[in-house]
2 protein chains.
Amino acid sequence: MLTAERRQLILELLHKNKKVLSSELSADFKVSEDTIRRDLRELSEAGQLQRVHGGALLTSPTKASYADRQKQAPEEKKAIARTAAKLVRPGQVVILDGGTTTLQVARSLPLDLQATIVTNSPPIAMSLADHHHIDVVMLGGQLYKKALVNVGAGTVENLGMIRADLCLLGICSLHPDIGISVQNLDEAHIKRAMISRSVEVVGLATAAKLDTAASYVVGPIQALTYLVTASQVVPEALEAYKNIGLTVIRDEYVS
Amino acid sequence: MLTAERRQLILELLHKNKKVLSSELSADFKVSEDTIRRDLRELSEAGQLQRVHGGALLTSPTKASYADRQKQAPEEKKAIARTAAKLVRPGQVVILDGGTTTLQVARSLPLDLQATIVTNSPPIAMSLADHHHIDVVMLGGQLYKKALVNVGAGTVENLGMIRADLCLLGICSLHPDIGISVQNLDEAHIKRAMISRSVEVVGLATAAKLDTAASYVVGPIQALTYLVTASQVVPEALEAYKNIGLTVIRDEYVS
DNA sequence: TAATACCACGCATTATCGTGCAGTTTTTTG
DNA sequence: CAAAAAACTGCACGATAATGCGTGGTATTA
């Protein structure tokens, strides 16, 4: 039995039964579980299945990747989100960027807060549906499925009609010299437009995002008014940013 | 039973019944309540549900009301949706209205279908994120929370740039004399704009929507090219519509 | 207030997982 | 055709995840 052949059969079994178990596959194909695990890993990286403890499931890669990202340092994200949510004043018009951290911000907003939230993220818009005193303005555009945000020229154009008091920006990569950068050109355009339409800009960054850079530059560090991080970030790591003149807010989170 | 599998089932149960009890889940899945509690905790951290004493509830009142509406004649809606989904041809640009029936249409679309779907409904946009060959265009606007659709002048304006082959319209009320009507003026504007931007218009109506009327008129029956209903609608009820010249498609559903 | 049900936390147990390593097979290349 | 490179496989071993139980705390109800 060829490797590729076995993997093909694994996929067939998966589609037939909706799930496969490492132990069963190992018995079925008379190979070690290590081999099966390697198969599953390969197939998972190819986006063909969703690995779980004990085997694999047939699931939508998009939702899975989004759920995965939400699981990365969820406590840190929540802590940052709680702190950032406090920066929103009643009556303000706030631009809320897409992303898992900003989604937590939306969830952290007080239920009785009166404000207008502008966002290009369908999940964020939906999560705000309970906040009866919040007007939600959705920016349309082409759905960028990987991040579940709307992007494109139309989105930027719609932003042109907005004049916001505050912008809460999820930070993918932040570097003292390079500034704010992201992995996708469309997202870079959106974030840049969001920044330009807001009086104050708050960057939300988990520890892992600091001192990193990606391919597309949104703007310099100076574009940010505040940077919100979790307290698990070592103070020394923030020195470079403070020296540039950035106001850093470290939350109360203790790891 | 895999852990991830069990958690997925918990979510399904939750969406079906709007609540789950730790004790019941423990009995159903034959695992200890501790395990169930751990599941609920994890899912709650991921924002998928809200933990309460004794079990868990749906995250938000909005989702609950949305779940309520989805529970109204779900089989009929699914049958209609399946039939309507078959009307979409590869390569077409399709406007998909908001609503629980049209959400089922989105879910019924083949995973390998290549098309462009234009929608003003965040839930529909998100549900299409798995369809890798579908381009999703979101119409922005103000979020009308009750129906989770974007409305307003901006939405209508964005529609002005669209020229669609097909429009799938959820029907709230249909009457031979009065035509298509809805309970909300903003939605009426949107639906009217959607109709005007499409070559063909398909109305999706469950039995309960026929021969009813609401306050705001979208347009006459003649605005529709096709009307899709479930086979549980008695043929006589459709006579009036057929006489006007409407092509009625009755699906294969048997109650 | 007392009784009951529910919950959080720590611990031990078991199954599963990841990784480095060596032997084998397959593919590539000269 | 033969040597080199790459891929595949199984094993050992430490790490991680999942689960159930006991203890003690907390919410709910009478």
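Order of the sequence lines sets the chain letters (A, B, ...), proteins ahead of strands, with each chain counted from 1. Just the heavy atoms: all of them, side chains too, but no hydrogens, waters or symmetry mates, feed the values below.
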Say whether A:Tyr144 and A:Asn120, considering side chains only, have a donor N or O and an acceptor N or O under 3.5 Å apart.
no
Lys/Arg N to Asp/Glu carboxylate O, A:Glu33 vs A:Arg37, below 4.0 Å
yes
Starting at atom CZ of A:Arg7, determine the distance to atom P of D:dT9, rounded to an integer number of angstrom.
7 Å
Check: A:Ser26/A:Ser23 side-chain N/O donor and acceptor closer than 3.5 Å
no
Round to the nearest Å and state the distance from A:Phe29 atom CZ to D:dG10 atom P.
13 Å
Taking atom C1' of D:dC8 as reference, at what distance in whole Å does atom CD1 of A:Ile10 sit?
14 Å
In Å, rounded to the nearest 0.5 Å, how long is the span from CZ of A:Arg7 to CG of A:Leu14?
14.5 Å
Atom CD of A:Glu33 and atom P of D:dC8: how far apart are they, to the nearest Å?
20 Å
Please confirm whether the shortest side-chain N or O distance from A:Ser22 to OP1 or OP2 of C:dC17 is below 4.0 Å.
yes
Rounded to the nearest 0.5 Å, how far does CE of B:Met1 lie from OG1 of B:Thr3?
10.0 Å
Do A:Asp130 and B:Thr62 have side-chain N/O donor and acceptor atoms under 3.5 Å apart?
yes
Is A:Asp34 side chain donor-acceptor paired with the D:dC11 base, going by distance under 3.5 Å alone?
yes
Could you state the CG-P distance from A:Leu25 to D:dG10, rounded to the nearest angstrom?
13 Å
Counting side-chain heavy atoms from C-beta on, which of C:dA8, D:dA18, D:dC8 comes nearest to A:Thr3?
D:dC8
Please name the pair of heavy atoms, one in B:Gly99 and one in B:Ile124, separated by the smallest distance, quoted to 0.1 Å.
O-CD1, 4.4 Å
Atom CZ of A:Arg6 to atom P of D:dC8: distance rounded to whole Å?
9 Å
With a 4.0 Å heavy-atom cut-off, tell me which residues in residues 35-44 of chain B come close to DNA chain D, sorted by residue number.
B:Thr35, B:Arg38
From CG of B:Leu2 over to C1' of D:dA17, roughly how many Å is that when rounded to an integer?
13 Å
Among C:dC6, D:dT9, C:dC17, which is the nearest nucleotide to the side chain of A:His53?
C:dC17
